[in-house]
> 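The structure is given below, and queries will be raised subsequently.
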Amino acid sequence: MFLVVLVVLLVFNTNCYGKSEEPCALKDHLIREIESNLVELKSLHVHTPEYGGHQGETYIRWGKSSCPQKATLVYDGYAAGNDDSIGGSGSNFLCLPKNPDWKEYTSGANTHTGRIFGVEYEILNHKPYPKSFHNQDMPCAVCLTARSMVLMVPGKLKCHKGWKKEFSGYLMSEMSTSTRTPSQYICVDEKLESVPGGAAGRNQCVVYPVEAVCGNLKCPPYVGGRELTCVVCSK
């Protein structure tokens with residue numbers, strides 16, 4: 001359509017001058033059509049064909065070093081965050097790659113800097129997992145799904161209608177106490193893994209299963225003292 005309009009415009013442009021105003025008026029109309037088409041072309045979103053016309057989206061699979069089926073591994077690494085006894089720095093968790101790149105730096109611990117530590121599981125009495133991961137270090141994987149949206153739903157193991165399940169597990173965070181630094185709530189995979197050799201129990205950055213507390217939170221359907229599940233969905 002754009003090429004046809006352009007060809008017609010060129011034809012009328014050669015006949016516009018020195019003749020009746022009708023060809024010139026038509027030319028002006030065609031110019032407006034081209035301008036409108038250009039605006040529409042600029043607004044179009046170009047999608048990569050390998051994802052079937054959909055824009056991909058990434059998410060972090062906490063507690064695993066691999067991705068679910070039909071998702072692509074971008075990289076795997078180590079879960080990291082702030083020390084639970086130190087204020088400042090970040091409050092979110094990051095998935096640090098195993099092969100960092102360095103630029104300019106000053107060796108040794110320095111003042112006036114943020115700090116980041118590896119994440120350690122604090123899961124007591126095999127609860128809610130079937131085996132002990134207490135004091136084990138947490139791996140992570142950054143995954144790419146062909147779908148354009150990713151959503152973590154706390155308190156669910158299945159996705160809502162129209163959404164596809166990527167993985168499910170348990171909600172985790174820092175322990176609830178006034179002496180600890182707040183953290184994100186994250187969905188940690190139910191098929192838990194740990195970093196090989198990471199069982200030193202340094203208790204720097206740690207996560208615990210999250211329990212529901214009745215009060216402002218409606219009970220039922222929630223149950224006080226029960227560990228919350230979670231699911232990561234894509235669409």
> Check whether L192 and M138 end up in the same hydrophobic cluster, where Ile, Leu, Val, Met, Phe, Trp and Tyr are linked by side-chain heavy atoms less than 4.5 Å apart.
yes
> Count the heavy atoms belonging to other residues, nucleotides or ligands that lie under 6.0 Å from NZ of K165, then report whether that count exceeds 12.
yes
> Check for a donor-acceptor pair, side chain of E166 on one end and backbone N or O of V232 on the other, with a separation under 3.5 Å.
no
> Do Y170 and Y59 belong to the same hydrophobic cluster, where Ile, Leu, Val, Met, Phe, Trp and Tyr are linked whenever their side-chain heavy atoms lie under 4.5 Å apart, directly or via other members?
no
> What is the minimum heavy-atom distance between V223 and C214, and which atoms define it?
C-SG, 4.3 Å
> Between CG of N92 and CD1 of I116, what distance do you get to the nearest 0.5 Å?
7.5 Å
> Can you name the closest pair of heavy atoms from F117 and N82 and give their distance?
CD1-C, 3.9 Å
> T229 and V231: side chain to side chain contact (heavy atoms under 4.5 Å, CB included), yes or no, with the steps?
CA-CA 7 Å; T229 57; V231 62; over 6 Å; no
> Any salt bridge (charged side-chain N to carboxylate O under 4.0 Å, His left out) involving residues 70-80? Give me the pairs, sequence neighbours left out, ordered by first then second residue.
D76-K98
> Give a yes or no answer on whether the side chain of R226 reaches the backbone of A212 with a donor-acceptor pair at less than 3.5 Å.
no
> Look at the side-chain heavy atoms of Ile, Leu, Val, Met, Phe, Trp and Tyr, link any pair under 4.5 Å apart, and say whether V142 and M152 land in one connected group.
no
> What distance do I123 atom CD1 and M172 atom CE have between them, rounded to the nearest 0.5 Å?
3.5 Å
> Do F93 and Y75 land in one hydrophobic cluster if side-chain heavy atoms of ILVMFWY residues count as linked below 4.5 Å?
yes
> With a 4.5 Å cut-off on side-chain heavy atoms, are E122 and N135 touching?
yes
> Under 4.5 Å between side-chain heavy atoms, counting indirect links through other Ile/Leu/Val/Met/Phe/Trp/Tyr residues: same cluster for V207 and I60 or not?
yes
> At what distance, to the nearest 0.5 angstrom, does CE of M149 lie from CH2 of W163?
4.5 Å
> Can you find a heavy atom in the side chain of Y121 that is under 4.5 Å from one in the side chain of S194?
yes
> Below 4.5 Å, heavy atoms only, C-beta onward: do K191 and F167 meet side chain to side chain?
no
> Do D137 and Y78 pass the side chain to side chain contact (heavy atoms under 4.5 Å, CB included) test, and can you show the C-alpha distance, the side-chain angles, and the key distance before you say yes or no?
CA-CA 8 Å; D137 294 342; Y78 309 117; over 6 Å; no
> Should S168 and L157 count as side-chain neighbours, where that means a heavy-atom distance under 4.5 Å?
yes
> Taking atom CG of L73 and atom CZ of R61, what is their separation to the nearest 0.5 Å?
10.5 Å
> Which pair of heavy atoms, one from P128 and one from P209, lies closest together, and at what distance?
CD-CG, 3.6 Å
> Measure the OG-CD distance between S66 and E193 for me, rounded to the nearest 0.5 Å.
5.5 Å
> For residues K164 and Q69, report the shortest heavy-atom separation together with the two atoms involved.
NZ-O, 4.3 Å
> Write down the atom of A141, the atom of C95, and the distance for their closest heavy-atom approach.
N-SG, 4.0 Å
> Can you tell me how far CD of E57 sits from OG1 of T145, rounded to the nearest 0.5 angstrom?
9.0 Å
> Kindly indicate whether the side chain of H160, heavy atoms from C-beta on, has any atom under 4.5 Å from the side chain of C233.
no
> Identify the two heavy atoms, one from C140 and one from A79, that lie closest to each other, and give their separation to 0.1 Å.
SG-N, 3.5 Å
